[in-house]
Amino acid sequence: MFSHFSLHRLLIKSLREQGLRQPTPVQIEAIPLILDGMDLQVTAETGSGKTVAYLAPALHQLLTTAHPSGGTRLLVVLPTRELAQQVFKTCQQLTRHTRLSAGLIYGGEAIDPQYALLADEPAIVIATTGRLLEHIETNSIDLATLEILVLDEADRMLDMGFSDDVLKIVEVSSPKRQTLLFSATMNNAWLGAMANKVLREPEVLEVSGGRTSHSAITEQVMLADNEAHKQKQLLWLLSFEPYRKAIVFTNSRVNAERLGSLLQQKKYRVVALHGDVLPERRKRVMERLDAAEAKILVATDVAARGLDIDGVDLVINFDMPRRGDDYVHRIGRTGRGGEKGVAITLVQPDEWNLKASVERYLKHTFEPRLIEVLQGQFKGPKKLRASGKTVGNKKKKEKGNRDSKTRKKAKQRKRLKQSIGKRRAPGKAPRNESST
Ligand code: AMP
């Protein structure tokens, strides 16, 4: 029970109102350490309840300690706008009975209203890296008396190239601060270096690493012959698989657009998100999903990073994700807050090795899934290496390629000779010669 932690009663009240009574494992482990003032490095699955794990104790500190000077007291830094919005929402829910004020700062929106917001010196600031740096550079935010700094989805921030930005933010933050670093995975060399630089004698928690099997999610794989076969499987799943909301992941914007249009034609309530979708439209897409006006989201990895959409119980990887981390983030859109979810990955022959790599990375294999009425030719490679990858004789293949190239060139030469021969009928001089 949350009431077992010595959290401020107004926080317990808000938690209760949101129906949160039983803390999740990451909350059980992290909350007491944060209340003790420890620096933390936490690896926790997406959807594990990590936002409440850091916000509840951090807000408790703010409510129970005096802060005579102005300036930001709690700063949460995140990689994307959507994540910042979600954390802001959770923060507003938690602080609703308190006098604590929070400000949300992210790029892609006019900066002037943010100057006004920061001039009011909210105790809590939730921000994305780039825009926060702009505010630091224009001195519109004061982090000199910062008490708690949270770097959330730190692996994503580093992946997205924000390493220097994060360090600049840390540099201007009070050296007396408590720092909490959260990430879905820790297998990132930069992340280790970053942790060394920004944390002081941290407690390291690996509550349930993103690489282990996610108990709330059933992970399945469905073999497909080609893209057209995958489209049939997708339509079947969206028609017959029980789900409240589904996310279909693709590896490219083009595919996201194409599938979005296909599903729209088939009268599914679908919205699409990818890197080219403008902020206003993204907002509308999120509102439609939240209001359940749309049941299906087709998205690319970048667009879907950190999204917390209520009620997603089905994730379909139309394209096999290229990296294990992306797979973990994708399937983490379901099975959130202890709910059950299903993740189905469609794999065509040229994606088999990628699937094997992701399984090796995760240290578990996916459950095979078959749609009887849509059985294809591809049943997996005939021979497999110990790694689970296809046995392919590279040299042979290369040699084969070389042979076919040589044959092609010989044919071209032959055709050229024949055509020259045709143009120069025996006894006739070449055209250019006759014209002189
Ligand atoms: P997060 O890992 O912070 O992205 O949280 C994922 C989801 O878990 C959110 O929708 C939260 O509302 C939900 N959640 C957080 N804490 C709990 C809890 N103790 N019990 C049930 N759901 C929770």
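Read the numbers this way: they start at 1 and go in the same order the structure lists the ligands and their atoms. What you see is a predicted model, and the numbers here were worked out from it, not measured in a lab.
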Atoms of ligand 1 less than 4.0 Å from [X] heavy atoms?
X   : result
T51 : 1 (P), 3 (O), 4 (O)
K50 : 1 (P), 2 (O), 3 (O)
T24 : 17 (C), 18 (C), 19 (N)
F2  : 19 (N)

**Prompt:** Heavy atom under 4.0 Å from ligand 1: found in Q22's side chain, backbone, both, or neither?
**Reply:**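 Looking at Q22 and ligand 1, just backbone atoms fall under 4.0 Å.
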**Asked** Hey, looking at atom 20 (N) of ligand 1, which of I309, L83, L20 has the closest heavy atom?
**Response**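 Nearest heavy atom to atom 20 (N) of ligand 1 lies in L20.
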**Item:** Check: G49 N/O within less than 3.5 Å of ligand 1 N/O
**Value:**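 G49 vs ligand 1: N/O contact under 3.5 Å present.
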More than 12 foreign heavy atoms under 6.0 Å from [atom1] of [X]: is that the case here?
X    : atom1 : result
Q377 : CD    : no
K176 : NZ    : no
R322 : CZ    : no

**Prompt:** Do you know which of Q233, E241, E219 makes side-chain hydrogen bond (donor to acceptor under 3.5 Å, both in side chains) with R369?
**Reply:**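 One option only clears the test, and that one is E241.
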**Prompt:** Do R73 and T65 meet the criterion of a side-chain donor-acceptor pair at a distance under 3.5 Å?
**Reply:**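 Yes, side-chain donor-acceptor contact under 3.5 Å.
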**Asked** Hey, are H274 and E257 close enough side-chain-wise for a donor-acceptor pair under 3.5 Å?
**Response**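 Yes - a donor-acceptor pair under 3.5 Å links their side chains.
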